[in-house]
S.K.: 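One structure follows; several queries about it will come next.
Both backbone and side-chain heavy atoms feed into the values below; hydrogens, waters and symmetry mates do not. To find a chain, count down the sequence lines: A is the first, B the second, and so on, and within it residues start at 1.
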Protein chains: 2
Amino acid sequence: MISDRQAKERERRKDQILKGALTVFKEKGLEKATMDEIAKQADFGKATLYYYFSSKEEIFIELLDRGWKMIWESIEPALEDHEQPKESFMQALHIIGGLVTDNKTLFEFLFTAPQMMPGALMEGKPVWKNYQNKMYGVFQGLLEEGMAKGEFPEMQSDIMMRAIGGLFHGLFFLGHGKKRMSRETMEEFITSFIGNYGNS
Amino acid sequence: MISDRQAKERERRKDQILKGALTVFKEKGLEKATMDEIAKQADFGKATLYYYFSSKEEIFIELLDRGWKMIWESIEPALEDHEQPKESFMQALHIIGGLVTDNKTLFEFLFTAPQMMPGALMEGKPVWKNYQNKMYGVFQGLLEEGMAKGEFPEMQSDIMMRAIGGLFHGLFFLGHGKKRMSRETMEEFITSFIGNYGNS
DNA sequence: TTAAATTTCGACCCGATATTCGAAACATAA
DNA sequence: TTATGTTTCGAATATCGGGTCGAAATTTAA
């Protein structure tokens with residue numbers, strides 16, 4: 001029998017473990033991260049981690065699931081209005097940019113985690129992948145609708161998606177990270193890029 | 001006593017091992033790649049790998065060192081002429097784009113390897129990092145000289161570097177890799193981006 | 001207070017895999 | 001041919017680290 005109070009406490013401990021795991025994963029990657037180190041970081045014994053999670057991979061996956069769910073839920077409202085695709089597009093990017101600057105460690109993890117993942121972890125259509133696909137799908141859809149409405153210049157939407165994804169990633173994560181990227185600067189870059197492509 | 005003929009033969013075998021290692025590293029990542037598998041791929045016994053290299057990490061590092069050295073030496077000639085920064089810049093990008101399309105596996109490895117590297121491997125200022133830094137430095141220098149000469153619009157060169165790096169990476173490596181990125185398309189994107197930024 | 005349920009933990013187990021060893025195969029040169 | 005150096009390899013070793021266990025600590029509820 002688990003009381004309401006206990007359930008909340010459990011959640012808090014899971015969070016604590018997840019937070020410790022994030023630190024270690026980000027620093028060492030999935031393979032080099034040891035359960036002992038995660039346990040130390042989270043201030044629990046190793047066996048306790050196994051009381052809350054069934055494996056190292058599960059911790060990793062849960063981190064991704066929660067992260068992408070959070071991203072999706074943050075931008076979803078901005079995506080509902082299909083009347084002004086360009087506006088929705090920019091607004092969503094703006095929101096993500098905000099999340100990223102507030103939460104650099106988490107997002108660096110979310111965006112680079114796929115590279116540390118062996119194929120096995122992708123079995124069973126993981127939750128986070130659904131959110132990611134939904135997000136990319138909507139962005140590309142907005143790009144296409146925007147073109148149809150003349151809000152964007154004509155372009156190959158899939159290639160443009162790659163370009164924008166890379167651009168976004170570069171702005172926020174490349175370089176020595178000394179300087180912070182302001183929302184304004186980001187918006188300026190993307191707008192300029194999208195707005196002017198094809199006009200030259 | 002090592003004859004000239006023998007030295008060359010040795011090099012050839014190292015290449016053979018490196019080539020096998022690249023295949024495995026690219027598929028499995030640094031940690032999941034096993035020496036047994038690399039040995040099988042390179043068609044040598046496992047112990048032989050240790051005759052030519054002292055550890056798995058050394059193989060990994062050597063791959064990076066040679067790769068970045070190759071990139072640097074390919075673009076260096078194009079970078080010598082400081083009279084036309086924009087021209088040099090575009091030419092260098094063009095060269096790298098060519099290398100990438102001809103050698104996708106290697107470059108995907110070179111550009112994503114940092115993500116699979118535990119911090120320990122970065123000790124001792126590795127050779128490849130020097131080449132990488134030199135390259136980024138020169139690119140940024142060209143951007144700045146180009147601005148001074150009025151060949152580029154005014155911009156923050158470091159941020160622009162990040163943007164172009166990300167854009168480049170996105171164009172070539174993001175997405176499901178179904179479609180190939182042609183040199184023409186890449187050049188069109190970058191030119192358009194650089195050419196139009198700031199004009200809006 | 002006390003018994004049951006929940007939570008915590010260090011020590012252990014065990015498979016995977018990097019690295020070493022020593023002997024065999026091969027090449028070279030006298 | 002034979003002695004010396006070079007290259008190859010499979011078997012043996014050593015280490016590391018994920019996951020388990022059972023006992024102890026703590027909390028809950030009567």
S.K.: Quick check on dT7(D): is either OP1 or OP2 less than 4.0 Å from any side-chain nitrogen or oxygen of R10(B)?
M.R.: yes
S.K.: Rounded to the nearest Å, what distance is computed from the CD1 atom of residue I38(A) to the C1' atom of nucleotide dG17(D)?
M.R.: 12 Å
S.K.: For dT7(C), take OP1 and OP2 only and decide whether either is under 4.0 Å from a side-chain N or O of Y51(A).
M.R.: yes
S.K.: Can you check the R13(B) CZ to dT7(D) C1' distance for me, whole Å?
M.R.: 7 Å
S.K.: What about the rings of F60(B) and F109(B), do their centers lie closer together than 6.0 Å?
M.R.: yes
S.K.: Estimate the overall bend of the helix from dT1(C)-dA30(D) to dA30(C)-dT1(D) from the end axes over five pairs each, rounded to 10 degrees.
M.R.: 0°
S.K.: Check the interface with nucleotides 24-30 of chain C: list each N/O to N/O pair with the protein under 3.5 Å, or write none.
M.R.:
none

S.K.: Is the backbone N or O of K86(B) less than 3.5 Å from a side-chain atom of E151(B), with the two atoms forming a donor-acceptor pair by type?
M.R.: yes
S.K.: Measuring only between side-chain heavy atoms, which start at C-beta, is W72(A) closer than 4.5 Å to L79(A)?
M.R.: yes
S.K.: A cation-pi test, strictly: NZ or CZ of K14(B) under 6.0 Å from the centre of the six-membered ring of F53(B) and no more than 45 degrees from its axis. Yes or no?
M.R.: yes
S.K.: Between protein and nucleotides 16-20 of chain C, what N or O pairs are separated by less than 3.5 Å?
M.R.:
{"from": "dA18(C)", "atom 1": "OP1", "to": "K56(B)", "atom 2": "NZ", "distance (Å)": "3.3"}
{"from": "dA18(C)", "atom 1": "OP2", "to": "M35(B)", "atom 2": "N", "distance (Å)": "2.6"}
{"from": "dT19(C)", "atom 1": "OP2", "to": "Y50(B)", "atom 2": "OH", "distance (Å)": "2.9"}
{"from": "dT19(C)", "atom 1": "OP2", "to": "K56(B)", "atom 2": "N", "distance (Å)": "3.1"}
{"from": "dT19(C)", "atom 1": "O5'", "to": "Y50(B)", "atom 2": "OH", "distance (Å)": "3.4"}
{"from": "dT19(C)", "atom 1": "O4", "to": "K46(B)", "atom 2": "NZ", "distance (Å)": "2.7"}

S.K.: Are Q16(A) and K19(A) linked by a side-chain donor-acceptor pair shorter than 3.5 Å?
M.R.: no
S.K.: Whole angstroms only, please: what is the NZ-P distance between K40(B) and dC9(D)?
M.R.: 15 Å
S.K.: Is it true that R13(B) and E9(B) make a salt bridge, defined as a side-chain N closer than 4.0 Å to a carboxylate O?
M.R.: yes
S.K.: Decide, yes or no, whether a salt bridge links E27(A) with K32(A) under the criterion of side-chain N to carboxylate O below 4.0 Å.
M.R.: no
S.K.: Please report the shortest heavy-atom distance between K56(B) and L30(B), naming the atom on each side.
M.R.: NZ-O, 2.9 Å
S.K.: Whole angstroms only, please: what is the CG-P distance between L49(A) and dT7(C)?
M.R.: 15 Å
S.K.: dC9(C), OP1 or OP2 - any side-chain N/O from T48(A) closer than 4.0 Å?
M.R.: yes
S.K.: Without decimals, in angstroms, what is the distance between F53(A) CZ and dT7(C) C1'?
M.R.: 15 Å
S.K.: Have a look at Q41(B) and tell me which of L22(B), D36(B), I17(B), T23(B) forms a side-chain contact (heavy atoms from CB on, under 4.5 Å) with it.
M.R.: T23(B)
S.K.: Does R66(A) pair with D15(A) as a salt bridge, N-O distance under 4.0 Å?
M.R.: yes
S.K.: Using a 4.0 Å heavy-atom cut-off, does Y52(A) contact any base of the nucleic acid, only the sugar-phosphate backbone, or nothing at all?
M.R.: sugar-phosphate
S.K.: Between K69(B) and E73(B), does at least one N-O distance fall below 4.0 Å, as a salt bridge requires?
M.R.: yes
